[in-house]
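Take a look at the structure set out below.
Here is the naming used below: chain letters follow the sequence lines, and residue numbers restart at 1 for every chain. Since the model is a prediction, treat every value here as computed from it, not as a measurement.
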Amino acid sequence: MDPIRRAKIEELRRLGIDPFPTEPFQTNTTAAEILRYYPQQKLDFKAVRIAGRLWRKRLMGKASFAVLRDETGDIQLYFQRDDFLDKPEMYDSVFKKLLDLGDIIGVEGFVFTTKTGEITIHVRHFRLLSKCLRSLPIEKETEERTYAAFTDPELRYRMRYVDLIVHPGVRELFRRRTAIVQAIRDFFNAKGYLEVETPILQPVYGGAFARPFVTHHHALNMELFLRISNELYLKRLIVGGYTGVYEFSKDFRNEGIDRYHNPEFTQVELYVAFQDYYWMMELVEQLLEGVVRKVVGNLRLSYEGREIDFTAPFARMRYYEALEREVGKDVRRLSERELIQLLHERNIPLPEPPYERIDLVSQLFDKLVEPACIQPTFILDYPVEVSPLAKRHRSEEGVVERFELIVAGKELANAYSELNDPLDQRERLERQAALRAAGGLEAMPMDEDFLRALEYGLPPTAGLGLGIDRLTMILCDAPSIQEVLLFPLLRPEPPLEADR
RNA sequence: GUCCCCAUAGCUCAGCGGUAGAGCAGCGGAUUCUUAAUCCGCGGGCCGCAGGUUCGAAUCCUGCUGGGGACACCA
């Protein structure tokens with residue numbers, strides 16, 4: 001806390017001014033509205049009331065300029081000493097000395113244009129609404145350069161409130177994130193699907209390969225897991241008779257943090273009865289076209305310096321064929337030794353032991369095929385070994401009816417014709433259990449209740465998971481997941497000192 | 001988990017063995033159309049923390065902490 005600002009509080013109180021008043025301040029316009037409509041005189045701007053942070057002061061003698069920043073933008077203020085003849089201290093002391101940059105104020109006045117052509121509020125009255133006791137990293141820009149830019153990512157993420165105050169573009173990004181979620185919700189609602197909420201605390205976790213966060217419930221004295229996925233619950237709801245359900249799901253995975261991964265992240269999952277993954281591919285194309293057009297305004301956008309085109313239909317490649325295109329041979333025919341040889345040739349590290357044959361194939365795919373898919377690309381028909389919840393392919397051995405949508409070299413969505421044969425499902429989960437027993441930390445645990453639900457009959461169902469954070473990254477051209485999370489996980493900072 | 005880079009004033013950064021610097025922000029003064037306002041004056045720092053080397057360390061070395069990046073993991 002700035003001791004000078006702290007002292008100003010006492011000074012204000014001596015003048016009878018409450019630095020944190022209770023009375024509301026009713027505004028009747030915004031900075032953006034004034035700047036947009038004043039030139040055409042479409043609205044009456046003779047008595048505007050507007051609130052925001054004091055952003056700049058250009059003090060002169062008997063008259064001064066300032067800038068006010070509200071949520072919509074910045075607008076210049078003009079103060080004249082002669083306007084405060086009844087209370088001269090309001091200009092000379094309160095405005096000129098006791099108000100600091102960052103203070104939240106409300107002003108009332110009329111709009112005019114200065115000699116230099118800037119739309120400005122001539123302030124007749126102003127009120128301090130909340131004192132700002134720390135100096136903000138207010139940036140100053142000229143044509144040549146920006147001064148005091150607040151750019152340190154750590155500080156920006158730790159003090160996102162400051163980041164948001166200082167950077168209108170960051171505020172805009174998170175508006176866009178909300179717009180993306182809203183567009184998806186509108187799309188699903190228009191189709192008649194039901195938005196639901198399922199447990200975040202789960203006695204058995206499942207639906208994905210990941211290590212969970214573990215917690216404990218005292219009253220029931222039981223171990224609980226934060227969900228890594230809501231998939232198995234949404235399928236139970238399809239068993240229960242809903243035709244289409246979806247949920248925006250915060251999922252938690254106890255794994256590493258990098259520019260694509262945060263321990264908690266958001267997916268939307270959708271399950272629709274009586275459909276299959278082919279149908280789901282078309283739905284995803286329709287969904288993304290709609291969302292991108294609505295949010296970006298154009299199906300072509302720039303991400304990391306490359307153009308991405310969301311015009312449907314997206315490219316489609318089958319898993320093993322895509323791999324064959326990269327390595328020149330059908331990896332299904334290769335021995336484990338030949339696969340290892342291939343990895344060596346391409347300078348790709350072996351997976352962590354204990355690994356199986358399929359892990360070598362996966363590694364090849366992840367390192368060669370995924371990064372090469374820049375434009376939206378459906379990869380379909382994944383190996384059955386890596387897809388324990390997907391239905392076996394209707395006509396081909398060894399693969400399942402599953403697709404991933406890859407954009408900019410990263411998985412954006414994952415979908416199956418859901419496995420609804422409870423006997424097959426049990427075998428697949430038993431294999432997962434065996435992998436866990438062998439030390440596979442990410443293999444799925446057995447979920448007997450889920451199997452019981454399947455035994456009551458899950459209709460043929462298409463299911464989808466779509467990563468909201470990654471979609472937001474692409475649609476905002478954001479370089480890391482931290483940039484699209486309001487409060488990304490950081491290590492704790494050392495304790496702040498109490499400051500009175 | 002491994003490797004590389006970074007940490008100096010409220011913010012952005014310079015200084016890289018010899019008395020801690022700049023711009024912006026701040027404080028005092030002048031100023032009735034400024035907009036990085038201008039002009040005069042002023043204050044501000046455990047140079048991330050702890051050790052070590054040295055006559056002398058912000059500067060060199062080691063460790064720690066925090067951050068960034070790459071790799072690994074996340075099929």
**OP:** Could you tell me whether A:R402 sits above the aromatic face of A:Y382, with NZ or CZ closer than 6.0 angstrom to the six-membered ring centre and within 45 degrees of the axis?
**Re:** yes

Original post:
Could you state the CZ-P distance from A:F112 to B:rU34, rounded to the nearest angstrom?
Top reply: 12 Å

Subject >> A:K62 charged N/C atom sitting above A:Y91 aromatic ring, 6.0 Å / 45° >> reply: no

Original post:
How long is the line joining CZ of A:R58 and P of B:rU38, in whole Å?
Top reply: 10 Å

**OP:** Figure out the CG/C1' separation between A:L350 and B:rC71, and round it to whole Å.
**Re:** 15 Å

**OP:** Using heavy atoms and a sub-4.0 Å distance, could you list which residues of residues 356-374 of chain A are near RNA chain B? By number, please.
**Re:** A:S362, A:Q363, A:D366, A:K367

Original post:
Please give, in whole Å, the distance from B:rU32 C1' to A:H122 NE2?
Top reply: 11 Å

Subject >> Value in whole Å for how far the P atom of B:rA30 lies from NZ of A:K62 >> reply: 12 Å

Subject >> Sugar-phosphate only, base, or nothing, as touched by A:R253 at under 4.0 Å among non-hydrogen atoms >> reply: nothing

**OP:** Classify the side chain of A:T120 versus the base of B:rU34 as yes if they form a donor-acceptor pair under 3.5 Å and no if they do not.
**Re:** no

Original post:
With a non-hydrogen cut-off below 4.0 angstrom, is A:F265 in contact with a base, only sugar-phosphate, or nothing?
Top reply: nothing

Original post:
Nearest to the side chain of A:Y157, which nucleotide is it out of B:rG68, B:rA75, B:rC73?
Top reply: B:rG68

**OP:** For A:S387 and for A:Q482, locate the closest nucleotide of RNA chain B by heavy-atom distance; then report the residue assigned to the nucleotide nearer the 5' terminus.
**Re:** A:Q482

Original post:
Is A:D258 side chain donor-acceptor paired with the B:rC71 base, going by distance under 3.5 Å alone?
Top reply: no

Identify each atom pair where a protein N or O and an N or O of nucleotides 26-28 of chain B are less than 3.5 Å apart, giving names and distance.
from	atom 1	to	atom 2	distance (Å)
B:rC27	OP1	A:K8	NZ	2.4

Subject >> A:M60 CE to B:rG29 P, straight-line distance once rounded to whole Å >> reply: 17 Å

**OP:** Please work out if A:P383 contacts a base, only the sugar-phosphate, or nothing of the nucleic acid, heavy-atom cut-off 4.0 Å.
**Re:** nothing

**OP:** For RNA chain B, find the residues of residues 72-83 of chain A with a heavy-atom distance under 4.0 Å and give them by number; none if there aren't any.
**Re:** A:Q76, A:Y78, A:Q80, A:D82

